[in-house]
Number of protein chains: 2
Amino acid sequence: MTEDPRRRVTLADVARRAGVSTALVSVVMRDAPGASQASRERILGVAKELGYRPDVRARSLASLKAHVIGVLFGKAGRFHLELLDGLYAAAEERGWDLALSALTDSRDEKQAVDSLRDFRLDALVMLGPPVPEPLLAGQVPVVVVGWHVDHPEVDIVRTSDEHGMALAVDHLVSLGHSRIAHLEGGSGLVAQARRDAYRSAMRAHGLEAQIRVVPCGGEDQLDGQRGARALLQAGSELPTAVVAFNDDIAAAAMSVLAQQGIDVPRDISVIGFDDSVLAQSPGIDLTSIRQVPREMARLAVERIVARTDGADVADREIVLEPGLRVRTSTGPVRES
Amino acid sequence: MTEDPRRRVTLADVARRAGVSTALVSVVMRDAPGASQASRERILGVAKELGYRPDVRARSLASLKAHVIGVLFGKAGRFHLELLDGLYAAAEERGWDLALSALTDSRDEKQAVDSLRDFRLDALVMLGPPVPEPLLAGQVPVVVVGWHVDHPEVDIVRTSDEHGMALAVDHLVSLGHSRIAHLEGGSGLVAQARRDAYRSAMRAHGLEAQIRVVPCGGEDQLDGQRGARALLQAGSELPTAVVAFNDDIAAAAMSVLAQQGIDVPRDISVIGFDDSVLAQSPGIDLTSIRQVPREMARLAVERIVARTDGADVADREIVLEPGLRVRTSTGPVRES
DNA sequence: CGAATCTTCTAGAACGGTCTAGGGCTGCGG
DNA sequence: CCGCAGCCCTAGACCGTTCTAGAAGATTCG
C-alpha cells in the first residue's frame, strides 16, 4: 500500500513481510514439499494480502520447465475461440501458462513458432489451420487438435470424422434417403478425411452406387455457393439429401437452393458439420455434427502434462465421438 | 552444430565464439551505440551463423522496458485476424514483441489482463470486444482499436463511423433513395455510434422524417434475421434501402428478404459495414463500408512507441476515413 | 545420552539477458 | 612529453524466480 504502485510485488517482498527467505516463499508458491503447514498458511496469507503474482518470465527462466504451452491458431472462428477457452481453463487448473501465436496471411507457421520459441515454450498445441508436417516435433511435446497427422512424435486430439459422417448418413437413411450427395471442402487434410468418411458411410449402407461428391474447392461460404451451383447445373436429378463438409458450406448451399425455389427440408435435406453458431441461427437451423471443443482442449493439455512428466503413453491419437444435433434442415424423403 | 541441439544458443555462446564480452554482443544485438562498425559486423555474422535469437524472457526481465505489447482480443473474426496481422508486422518492425490474450466465454477482461501482467507487458492494445472502461489505463500506455472510449489516458485508433454512415447514406441518396432504414446492432458501443451516425447522416440530407431504426438486438446473423422480420412485419410500406450495422446483419437480412420474394437490389438496396469476407462472397456481393485493419494496427503500435518514448502527443484519438465498396446489393430506386 | 534421521528452513548460484561504471587505447592540444 | 578527451570494450551487479547444498532444530533410536 505504501509502496510505489508501479513496482510489482516480488517474492522478496513477500519473504520480507513474512520474515522468511525467498526460497521458502518459492517453495510455498509452487506447492512443493519442504515447508511446514504453519508457514505455508502464513505465507499464502501474506502473498494474498500483498496481491502477489509470480512473474512468468523469471519463473520460466529459472526453472528448466517453464510450464508454458505455446498455442498456434489461425482461422479464428467460434470453434477456435472455444478451444482456446478450454485450453486456458485446463492450463490454469494445472498451473501452466499459455503463449498464443496467430497464423495470419503474412505470418507463416515458421515465423509463428519462432516467436513462440523466444518465449521458451515447452510444449506446443496446434489448433490449425491443418498442416501435414508440424514443426518442433521431437523437440518438445506437440499436440495437434482437430485433424490427423502422421508423425511418430506428435499427439493428436480430434473428433472422429468417420463417426460423424456415419451419424449424418445414418440419420438421412433412417429418414428414407438414399440419393445422398456430399458437398466437399477442398484439398485440406480435414476435407479429405471427411470425404473418405462419407464414402465409407455410404458403402456401409450398400449405397456405393449413390455416392456423389460435389466439388466446392474450399471450405467457406463462397465455396458452398459454388458447390450448390455445381449441384444444380449437373443436369441430372437432384439428390434428396446433402451432407456438407461444414456448416458454412451447408448454409451457403441452402441459400442458393432457396433462391431456386427449392425448399429445405421438403425437397432436399441438408446436414452441416461442426454445429457452429451459424447452424444454430434460427433462420438457418441446420442439422449438424457437434464437436466438443472444450473437452478436446482439456485432453490436449492433459496429454502434454503427461508427456512432460515423462509418462510413457503408448497411443498417440485420441479420437472423440461427435454427436448429431437434429434441427429443421432435415426431414423425411419426399414421396414422389 | 556440435552443440547439444536441445540447448538454445545464448548471448554467451555468441560472445565466446566471437571472442568478445557478452555485454558487447548485447550492445550489438540491441543496435545500441557503443560498438565499432567492425565488431558489429563480425558479431552479427557469428550470431547469424549460430542461429542466435534473444530470449524474450531474459531480455524483458533485465531491461526496464520489456518491449512487449499485450494484446487483448475476442470475437476473433476475419477483421480481428487482419488487425493481429498488422500488429505483428508493425511490432516486429520496431523490435517489439506481442503477447496475446484471448477473451472467451469463461475468461473475462480482468483475467485476461492479469495473465498478460504476468508477462510484464509495458503497453496494452485492446481489439475488443468493446468495453467502456479499459483496465490498466494510466499504468501503461493503452490503445483501444475500433471504438471510442472516454478516458484521458487511453489512445484510440478507430474508423470514423460518422463518415462511414455518411458515405453509405450519400451513396443511397445519389441513387435516388430517401426511405432509408437502419438495421441497428444492439446495445454495444459501436452499435450506438453507428446508430447516431445514421441519424446524423439522414438529417444532413434533410431526411429526418424518414429516419427509421429497426431493432435487431445484437450484431450477428441471427440478430439480422430478427431485424429483417421486424422490418417486414412492421406493416407499413417497406423502405427502398437499408443500411445495416454490419455485414452479418446485412447478409442475414438479404436472405430473409429473398425468402419473401423481395429482390435485392431491384426492390430494396442493402448496405453492410466492415467489408468482411461475407460481403465479398459472390452470392452475397454486398456493398459495404471498408475499414483498413492493417493501417489501424500500424498506427496503434506507432502510438505506443511514441508514448513509451515519452513523447507528448496531445491528441488521443486517431480517426481513419473508411471507404465505400460498391457491389451489386445497391441500385437505383425503383420507379413505382 | 549421543548419534542418526527427519523436518524445516536458508544461503547462494544459476537462468539469459541489460546496464552502469570504469579501464585501456588512441589522438590532440598545450 | 603530459594531460585530457573520446571511443571501444569489459567486469560485474541486477531483474525475479528456481534449485542445490547444507545448516539448524526436533525427533527417534540404540
Side-chain angles (χ1 to χ4, degrees), chain A residues 3-4 6-43 46-47 50-68 95-97 117-122, chain B residues 3-4 6-43 46-47 50-68 95-97 117-122:
Chain A
E3 299 280 329
D4 174 8
R6 317 278 301 210
R7 219 177 62 76
R8 284 215 26 174
V9 182
T10 73
L11 256 197
D13 296 325
V14 178
R16 201 176 311 122
R17 179 72 162 262
V20 294
S21 71
T22 59
L24 186 58
V25 179
S26 172
V27 162
V28 171
M29 295 314 296
R30 279 176 291 137
D31 208 18
S36 69
Q37 193 55 36
S39 32
R40 225 173 258 284
E41 280 167 17
R42 190 161 45 87
I43 290 170
V46 173
L50 261 47
Y52 169 72
R53 298 201 104 212
D55 186 319
V56 181
R57 304 168 309 169
R59 171 171 272 187
S60 74
L61 234 199
S63 63
L64 302 180
K65 292 285 107 189
H67 288 202
V68 171
W96 285 59
D97 284 287
R117 266 237 274 258
D118 296 341
F119 283 98
R120 298 295 192 281
L121 46 82
D122 31 28
Chain B
E3 299 280 327
D4 173 8
R6 316 279 298 209
R7 217 177 64 75
R8 285 218 20 175
V9 182
T10 72
L11 256 197
D13 296 326
V14 179
R16 201 175 311 123
R17 178 71 161 265
V20 295
S21 70
T22 60
L24 185 58
V25 179
S26 171
V27 162
V28 171
M29 294 315 295
R30 278 175 293 137
D31 205 19
S36 68
Q37 195 54 37
S39 30
R40 226 173 258 283
E41 279 165 18
R42 190 161 45 86
I43 289 171
V46 173
L50 261 46
Y52 170 73
R53 297 200 103 213
D55 187 319
V56 180
R57 305 167 309 168
R59 172 172 270 187
S60 74
L61 233 197
S63 64
L64 302 180
K65 293 285 105 189
H67 289 200
V68 171
W96 285 59
D97 284 288
R117 264 237 275 256
D118 296 343
F119 282 97
R120 297 296 191 281
L121 45 84
D122 32 27

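To find a chain, count down the sequence lines: A is the first, B the second, and so on, and within it residues start at 1.
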Any side-chain N or O of [X] less than 4.0 Å from the OP1 or OP2 oxygen of [N]?
| X | N | value |
| --- | --- | --- |
| A:R30 | D:dT18 | yes |
| B:R120 | D:dG16 | no |
| A:R57 | D:dC15 | no |
| A:R40 | C:dT8 | no |

Starting from [atom2] on [N], measure out to [atom1] on [X] and report it in whole angstrom.
| X | N | atom1 | atom2 | result |
| --- | --- | --- | --- | --- |
| B:Y52 | C:dG17 | OH | C1' | 7 Å |
| A:L11 | C:dG12 | CG | P | 18 Å |
| B:D55 | D:dC15 | CG | C1' | 13 Å |
| A:L24 | C:dA11 | CG | P | 11 Å |
| B:I43 | D:dC8 | CD1 | P | 13 Å |
| B:F119 | D:dG16 | CZ | P | 17 Å |
| B:D13 | C:dC15 | CG | C1' | 13 Å |
| A:D122 | C:dC15 | CG | P | 17 Å |

Need one value for [X]: base, sugar-phosphate or nothing, where a base atom within 4.0 Å counts as base even if backbone is also close, heavy atoms only.
| X | result |
| --- | --- |
| B:S60 | nothing |
| A:A35 | sugar-phosphate |
| A:V20 | sugar-phosphate |

Any B:S26 side-chain heavy atom under 4.5 Å of B:L11 side chain: yes
Name the orientation class of the two ring planes belonging to A:H67 and A:W96 (parallel below 30°, tilted from 30 to 60°, perpendicular beyond 60°).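 The arrangement is parallel - the two ring planes meet at less than 30°.
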Let me spell it out: for each of B:R42 and A:V9, pick the nucleotide of DNA chain D with the closest heavy atom. Which residue's pick is nearer the 5' end? B:R42
Are B:D13 and B:R8 close enough for a salt bridge, meaning some N to O gap below 4.0 Å?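 So B:D13 does not pair with B:R8 through a salt bridge.
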If you check every side-chain atom of [X], which of [options] has the closest atom?
| X | options | value |
| --- | --- | --- |
| B:L61 | D:dT17, D:dG16, D:dC19 | D:dG16 |
| A:R59 | C:dT18, D:dT17, D:dC19 | D:dT17 |
| A:S63 | D:dT17, D:dT18, C:dG16 | D:dT18 |
| A:S36 | C:dC9, C:dT10, D:dC9 | C:dC9 |
| B:A23 | C:dT10, D:dT17, D:dA11 | D:dA11 |
| A:S21 | C:dT18, D:dT18, C:dA11 | C:dA11 |

Determine whether the side chains of B:R120 and B:S60 contain a donor N or O and an acceptor N or O closer than 3.5 Å. no
Okay, side chain of B:D97, backbone of B:V68: is any donor-acceptor separation there less than 3.5 Å?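 Side chain of B:D97 to backbone of B:V68: no pair is present.
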Give me the atom names and distance for the closest heavy-atom approach of B:A18 to B:V46. CB-CG2, 4.0 Å
